[in-house]
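To keep things clear, I will list the structure first and then write my remarks on it.
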Protein chains: 4
Amino acid sequence: MIVILKNRPDPDQLEGLISWLNAQGVAVHPTVGASQTILGLVGDTSRIDMNLIAALDIVEAVKRVAEPYKNANRKFHPDDTVIRVGNAVIGGGNLTIIAGPCAVESEEQLMATAEAVKAAGADLLRGSAFKPGSSPYAFQGLGIEGIRLLLAAKEQYGLPVVSEIYDASQLPLFCDIDVLMVGAKNMQNYALLRALGRTEKPVILKRGFSNTREELLMSAEYILAGGNPNVILCERGIRTFDPSVPGTLDVAAVPLLKSLTHLPVIVDPSSAGGKYTYVPALARAGAAAGADGVMIEVHSDPAHAKCDGLQSLTPEKFAKTAASLRRIRQLISEEE
Amino acid sequence: MIVILKNRPDPDQLEGLISWLNAQGVAVHPTVGASQTILGLVGDTSRIDMNLIAALDIVEAVKRVAEPYKNANRKFHPDDTVIRVGNAVIGGGNLTIIAGPCAVESEEQLMATAEAVKAAGADLLRGSAFKPGSSPYAFQGLGIEGIRLLLAAKEQYGLPVVSEIYDASQLPLFCDIDVLMVGAKNMQNYALLRALGRTEKPVILKRGFSNTREELLMSAEYILAGGNPNVILCERGIRTFDPSVPGTLDVAAVPLLKSLTHLPVIVDPSSAGGKYTYVPALARAGAAAGADGVMIEVHSDPAHAKCDGLQSLTPEKFAKTAASLRRIRQLISEEE
Amino acid sequence: MIVILKNRPDPDQLEGLISWLNAQGVAVHPTVGASQTILGLVGDTSRIDMNLIAALDIVEAVKRVAEPYKNANRKFHPDDTVIRVGNAVIGGGNLTIIAGPCAVESEEQLMATAEAVKAAGADLLRGSAFKPGSSPYAFQGLGIEGIRLLLAAKEQYGLPVVSEIYDASQLPLFCDIDVLMVGAKNMQNYALLRALGRTEKPVILKRGFSNTREELLMSAEYILAGGNPNVILCERGIRTFDPSVPGTLDVAAVPLLKSLTHLPVIVDPSSAGGKYTYVPALARAGAAAGADGVMIEVHSDPAHAKCDGLQSLTPEKFAKTAASLRRIRQLISEEE
Amino acid sequence: MIVILKNRPDPDQLEGLISWLNAQGVAVHPTVGASQTILGLVGDTSRIDMNLIAALDIVEAVKRVAEPYKNANRKFHPDDTVIRVGNAVIGGGNLTIIAGPCAVESEEQLMATAEAVKAAGADLLRGSAFKPGSSPYAFQGLGIEGIRLLLAAKEQYGLPVVSEIYDASQLPLFCDIDVLMVGAKNMQNYALLRALGRTEKPVILKRGFSNTREELLMSAEYILAGGNPNVILCERGIRTFDPSVPGTLDVAAVPLLKSLTHLPVIVDPSSAGGKYTYVPALARAGAAAGADGVMIEVHSDPAHAKCDGLQSLTPEKFAKTAASLRRIRQLISEEE
């Protein structure tokens, strides 16, 4: 951490600041320039609140040099985290394909979709039972009945299942669900993150649509610091000035996050693309950028879906896309 | 709602769409152009999911004409909502001033600040007991002890109190708190919004830092539709491309929201400004733009605050600012 | 400037970097931590390209401490720049009101509008003769005939005139125009900025709709460094995730810019508001935040304007707004 | 185009609007609902200014249905535009690789880089002679000497050359340059675009860092409408809320633009990535998303580059990346 002082700081206040920093176990190295003095702080600054220092009269600015996350930091954990769920292996050079409907709507819809994605080589089945819709008048999911259907599909097709949780109070209902998913709107729902930190369930943590990569890592840190090491990060498109798509897939987040953290990083081209015609290109872009997995919305009958039909692939289009992703991954693996 | 069809739509599919719309109680008026056919939908379209229609093969685009919120809509409720809390009157031409520390830190800090803001003419006292900090290692508030201190300050200084809630499970602890505040990170925490809809407590709903005004109104709709009419909207700065401030105060949101909704609209110049030096100018801008209230962070000793010291005003600066806001409001009232 | 080195940097490369920096006249103070070494650079770093250093193998990151602009910097020029144009005084505690149509359309339109804004107390008359419209099929202004009409209005009503220039080759046509305006789309048109730097004309430099405040100051620096000290900065709304307004007026830019620079800062509520109903509230917000001036689009007959009719005030509404702005300014002056 | 009227519009004004629209050659079909009347306009609305209509008292909103660009529109020109430059073929299923330094710095640097990119299979050589740097104190390019060196490299290595132009007055200097490039800052420099429209030179038009895809197409329309059909669109990263990269590569722009227009679409992973370590992943993502080309900054000695060294690949890394891009393209071609 670096503290930039105002010109001619009051010596008593400066001494006070240095003593306080020393008391926090931090050594202080000043660099005195003609028009500016800079303090370099050496030691563990991860628990020092920058804003406390910035609020002092003698301080012009404070800049953080070290990352504020420890558990998620690749510097301290150089090896990739690898998460096993049933037969699926997430991270460490694999390309995991997660597919299924946005929401569980009926037994027929879920079973037909599950059968199709299994046949096309998906590794996990997704489907939301609880939908945090932005309108109180929209479809909110089948709830507990949706969970029951997912577990039936899991038994019938042998695919581990992924489903969205949006409140800590729902946790008991998810005890047989294999992977919990935190949606973009809940990336900073800390009551939920803390509750997930107390489980051992793998968690797909979606990046909030306007959160920085560092904020995503800080939310992961909440789960990791609670004792649960099984976090999978998911880039699903960010909000930009362009209203013509629901999210701009930040494909650079894949290599950037993977340089900062050891956690697996997957992409969700369906949420980002917003329309089925763009999903295959975005899925391929994610795989080509080195993602550890791709999550794709697939529906047995998109035109009659209760949610996200526009961005869902038919089983046929999904099968073609999945095969293409496998080939791209193979090609990249051979180059490495 | 308007449906723009692709060129030469399949007649059977078109008939199917029109029948389905009629079955939803919506009349359909086609406009047939040389290169494009447009369907105008007439009736209550607020429960029709645009994306279902957009997913059809024959449809190029769907545009909403009517607002998707009913309870919050000024068209159906032309008169301003006015909310009374103790002696404070929020909405309907008043300028309500809410002030106090970011977080309750100690009895001494809270009482000193409460006394000062009361003396300077604040209408309500704010202070968070539960802080949803973006780092798991940061100060998270005093919790239930913070609530106890707030209630003591309320009794001693006679000011109604405002405090932040971020999980539905915290609700029983807030039964004596006058106004509940939903922070920007929880604007789309629907489990929380639904729980608040089942109370009668006034709720300050802060706009998420990357949410549109329409999304803010849809979140208000969750609370209103649940039966609680006492919602106060709060503009607190939005996230833009500029990293040099924590939020860009969207001062235009004041007149825009007030044209769309009957709910009171207040501004929070402290969260937006990020630094005490900018807070008075932003507070004045909000008052001059017609806000129903201003919420300002004040701390008896900002340099030693446990959170947000940098953006907190001293009691002296707050007193000057509050007086200026009253004068601006007076001036504008005389012009109307 | 601060250079953060990677762990265990190669000693030869480090020595090479330090020698090179010394050769640039910059002293280097290292802070050696357990896991990180930081170099503090002391001296004039304004001409050192951060990216050159960041490209080195041994460097993790580079952070700038000093501002990269000199001429525009308040640190080196603490007194407000005050610009006189005819009877108008811009900067130094005044509130300058600039008003007139978006574009000059006809003699009748311009004269009627000029007469009205003069009567309402405007200090300068605006009107574009050259319009850089985003469609090649849109109205592009009257060109040289528009300039002629502006000069006629100037003579008849005695108001100095402001008009937009968007290419250096247009400069000879503007020799009798009092104030040149650079639009948001041309804030980084360096050929134009350099040409303006070689004149002595006052220049209103509008902030690009997605440019940071620092980039605005760097564009001002182009003009100032060329020898023209008469630059007026203009905040006109920035592009954010919200498509419902053409620009989000960044009212905080007023106090922020005024703390960073000595140049006058004005606001343009018309471009930002996009609709006449929001313009008075935004104009008042700008004045209350301390702007040195406000530029408002006024049209004698907005419903038949050839451009920006929706955001233009009628002469009556402008007169009311101008009076309100004067009162707010008076009130704030008395408080200072 | 659709016009949404306010409730109970004044009948005379409504009749006036309809007559005026008819006079523009546009038929009007009203849809009268209980609470809202909508006018559907049928005919050529591309030259009707939405804002003129929106400014009327009786109008609540206007929505465009048809695209405002004609020449660039795939609807009217379904076949891909294919542009030939020397031996390079841009568009129509090829992957064109453009490589070279950010700026021409010296004969030695340019020749070494040209030789390397030629050997690695690049189709065109890039290099800026005129640099529109955001600081007046930064390196601005070698100017005319840079052009001379580029032409020498073209002769020696047989690669067509691409160079940046930022002012119409520079055009005579570019008569032997094969492809002109308009940088992101000049995407809306209409004087320049009009001048380019009067030539027949292929133009790479970079998307402004905060411009929508529609604005990019409108800028292309300027060149096309002037008579020059040889426009290549370039996605180079957009500005978002995340300051940690210079641009967020909007990889979805590739399939979206290609659905809207017949013009070739290339990506620039160097400007977007900002750091050489991310460039190969972004280049692969662009190719996998279906781009018609990739433009990559390569420097014979990045650590001593005068600009953009951090984002430049060494010749070795470029050769590996180029080979990978060819394989991805091959794989996708086989799938189609």
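Small disclaimer: the values here were computed from a predicted structure and weren't measured.
When the candidates Pro302(C), Gly133(C), Gly208(C), Ala225(C) are compared by the number of heavy-atom contacts under 4.5 Å with chain D, Gly133(C) comes out ahead. When the candidates Asp308(C), Leu56(C), Asn211(C), Val59(C) are compared by the number of heavy-atom contacts under 4.5 Å with chain D, Asn211(C) comes out ahead. When each of Ala138(C), Cys307(C), Ser135(C), Gly274(C) is checked for heavy-atom pairs under 4.5 Å with chain D, Ser135(C) comes out on top. The candidate from Ala303(C), Gly309(C), Ser134(C), Ala168(C) with the greatest count of non-hydrogen atom pairs under 4.5 Å with chain D is Ser134(C).
When heavy atoms are compared at a cutoff of 4.5 Å, Thr212(D) approaches chain C by way of both its backbone and its side chain. Residue Ser169(C): no heavy atom, backbone or side chain, is found under 4.5 Å from chain D. Only the backbone of Ala305(D) comes within contact range of chain C, with at least one heavy atom under 4.5 Å from a heavy atom of that chain. Proximity to chain C (any heavy atom under 4.5 Å) is shown, for Pro132(D), by both the backbone and the side chain. With a threshold of 4.5 angstrom between heavy atoms, Phe241(D) does not approach chain C through any atom at all. In this structure, chain D has a heavy atom under 4.5 Å from the side chain of Asp57(C), while its backbone stays farther away. At a 4.5 Å heavy-atom cutoff, Phe130(D) makes no contact with chain C through either its backbone or its side chain.
Note that CD of Gln188(C) is 5.0 Å distant from CZ of Phe209(D), once rounded to the nearest 0.5 Å. Distance check: Asn189(C) CG to Leu192(D) CG gives 8.5 Å after rounding to the nearest 0.5 Å. Distance check: Gln140(D) CD to Tyr190(C) OH gives 9.0 Å after rounding to the nearest 0.5 Å.
Applying the salt bridge (charged side-chain N to carboxylate O under 4.0 Å, His left out) rule to Arg239(C) yields the partners Glu215(D); only residues at least two apart in sequence or on another chain are considered.
Between Arg194(C) and Pro136(D), every side-chain heavy-atom pair lies at or beyond the 4.5 Å cut-off.
Residue Glu15(D) places its CD atom among 12 or fewer non-hydrogen atoms of other residues, nucleotides or ligands, all under 6.0 Å distant.
Glu221(D) and Tyr137(C) share a side-chain donor-acceptor pair at under 3.5 Å.
Ala54(C) approaches Leu310(D) most closely through the heavy-atom pair O-CD1, 3.2 Å.
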